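Worksheet: one structure, shown below.
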Amino acid sequence: MVEISSVIAASAGKTLIEKIFKQVANRSTSIDKILSEDFNIRGRDMIIECPESLQKYSLTFESKKKFLLPNKKRIRLGPVRRVNIRPIQSLKPIFNAITFLDDGFEINLDCLEPGETYILDLEYIPHPACLSSDIAFFTS
């Protein structure tokens with residue numbers, strides 16, 4: 001009986017983990033689509049810390065053009081825990097380039113120079129179920 005319950009628990013854990021990974025992958029793909037309209041995406045990096053319940057996503061991108069009008073790029077894919085944008089040459093954060101929204105954030109495009117390469121670092125909380133000790137068990 002112990003073996004059957006272990007198999008059932010592992011299967012349930014696997015199903016939930018697959019849902020969480022799908023949510024995380026969909027969010028990352030959506031961010032890429034939104035940003036690719038105005039930027040050339042050069043690289044990506046994602047880390048999922050399940051016991052801490054964090055999705056860390058970094059993009060390296062280059063601005064395609066100079067924005068003539070005051071312009072903002074809104075990314076509304078759920079609340080973010082942390083957002084940071086910095087040019088790759090200095091690595092100093094551009095604090096006035098990011099505005100937090102209830103359901104995401106926006107990038108002030110006036111703060112970015114055409115042809116410059118930037119790093120955008122994001123931290124999301126992927127799924128409330130990750131906070132459960134049962135899920136931490138399956139993902140550890």
Side-chain angles (χ1 to χ4, degrees):
M1 192 67 162
V2 174
E3 291 178 15
I4 293 173
S5 64
S6 296
V7 170
I8 292 170
S11 176
K14 179 182 175 194
T15 302
L16 184 55
I17 291 168
E18 286 173 349
K19 287 180 184 178
I20 293 168
F21 278 109
K22 186 174 181 178
Q23 175 194 18
V24 166
N26 288 341
R27 180 182 286 148
S28 301
T29 301
S30 296
I31 292 169
D32 290 0
K33 277 185 180 180
I34 293 167
L35 291 179
S36 66
E37 295 169 4
D38 296 305
F39 305 103
N40 293 318
I41 297 176
R42 302 289 185 209
R44 299 163 188 84
D45 184 39
M46 182 177 11
I47 298 171
I48 299 170
E49 297 178 359
C50 233
E52 292 82 10
S53 184
L54 290 176
Q55 173 195 3
K56 295 181 179 182
Y57 189 56
S58 293
L59 289 126
T60 304
F61 63 88
E62 180 183 319
S63 181
K64 289 182 182 178
K65 58 187 176 186
K66 177 70 176 165
F67 302 99
L68 301 176
L69 301 173
N71 203 353
K72 296 180 184 209
K73 182 60 79 174
R74 287 193 174 109
I75 299 177
R76 295 182 170 203
L77 298 171
V80 290
R81 182 171 182 231
R82 186 182 69 84
V83 181
N84 184 340
I85 191 166
R86 53 202 162 107
I88 203 162
Q89 288 186 355
S90 71
L91 297 177
K92 293 181 183 178
I94 306 171
F95 295 108
N96 57 343
I98 301 293
T99 303
F100 286 89
L101 306 172
D102 289 338
D103 59 349
F105 64 97
E106 64 184 16
I107 301 172
N108 181 353
L109 301 177
D110 295 333
C111 295
L112 307 181
E113 295 296 324
E116 181 77 39
T117 302
Y118 295 92
I119 300 171
L120 177 67
D121 293 316
L122 306 163
E123 280 185 17
Y124 280 96
I125 298 174
H127 193 282
C130 277
L131 297 174
S132 165
S133 61
D134 295 336
I135 303 307
F137 169 79
F138 289 116
T139 59
S140 296

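Just so you know, these numbers use all the heavy atoms, side chains as well, and skip hydrogens, waters and symmetry mates. As the structure is a prediction and not an experimental result, all values here were calculated from the model.
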Those residues that, when tested against D102, pass side chain to side chain contact (heavy atoms under 4.5 Å, CB included) (two or more places apart): none
Spacing of [atom1] belonging to [X] relative to [atom2] belonging to [Y], to within rounding of 0.5 Å:
{"X": "D45", "Y": "K56", "atom1": "CG", "atom2": "NZ", "value": "10.5 Å"}
{"X": "K33", "Y": "S28", "atom1": "NZ", "atom2": "OG", "value": "13.0 Å"}
{"X": "L101", "Y": "L77", "atom1": "CG", "atom2": "CG", "value": "11.0 Å"}
{"X": "E123", "Y": "R82", "atom1": "CD", "atom2": "CZ", "value": "4.5 Å"}

Not counting sequence neighbours, which residues clear side chain to side chain donor-acceptor pair (under 3.5 Å) with [X]? List them please.
{"X": "R44", "answer": "D32"}
{"X": "E116", "answer": "none"}
{"X": "K73", "answer": "E37, D38"}

Result block: side-chain N/O donor-acceptor pairs under 3.5 angstrom for residues 86-93, not counting sequence neighbours:
| unit_1 | atom_1 | unit_2 | atom_2 | d |
| --- | --- | --- | --- | --- |
| R86 | NE | D121 | OD2 | 3.2 |
| R86 | NH2 | D121 | OD2 | 2.7 |
| S90 | OG | K92 | N | 3.3 |

Partners passing ring pair (Phe, Tyr, Trp, His ring centres under 6.0 Å) against F105 (at least two apart in sequence or in another chain):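 Testing F105 for ring pair (Phe, Tyr, Trp, His ring centres under 6.0 Å), a comparison that skips the adjacent residues, returns none.
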Measure across [X] and [Y] and return the closest heavy-atom pair with its distance rounded to 0.1 Å.
{"X": "I119", "Y": "T60", "result": "CG1-OG1, 4.2 Å"}
{"X": "M46", "Y": "Y57", "result": "CB-CD1, 3.8 Å"}
{"X": "F61", "Y": "I85", "result": "CZ-CD1, 3.6 Å"}

Is the backbone N or O of E62 less than 3.5 Å from a side-chain atom of R42, with the two atoms forming a donor-acceptor pair by type?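 Checked: no pair found.
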Are I98 and I107 side-chain neighbours, meaning at least one heavy-atom pair lies under 4.5 Å?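 Answer yes - side chains close enough.
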Got L35 and I75 here, is their nearest side-chain heavy-atom distance under 4.5 Å? yes
Please answer: with hydrophobic residues joined when any side-chain heavy atoms are less than 4.5 Å apart, are L109 and Y118 in the same cluster?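 In one cluster with L109: Y118, yes.
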Please evaluate residues F39 and L112 with respect to the criterion side-chain contact (heavy atoms from CB on, under 4.5 Å), reporting the C-alpha separation (whole Å), side-chain torsions for both, the decisive distance (0.1 Å), and the verdict. CA-CA 11 Å; F39 305 103; L112 307 181; 3.8 Å; yes
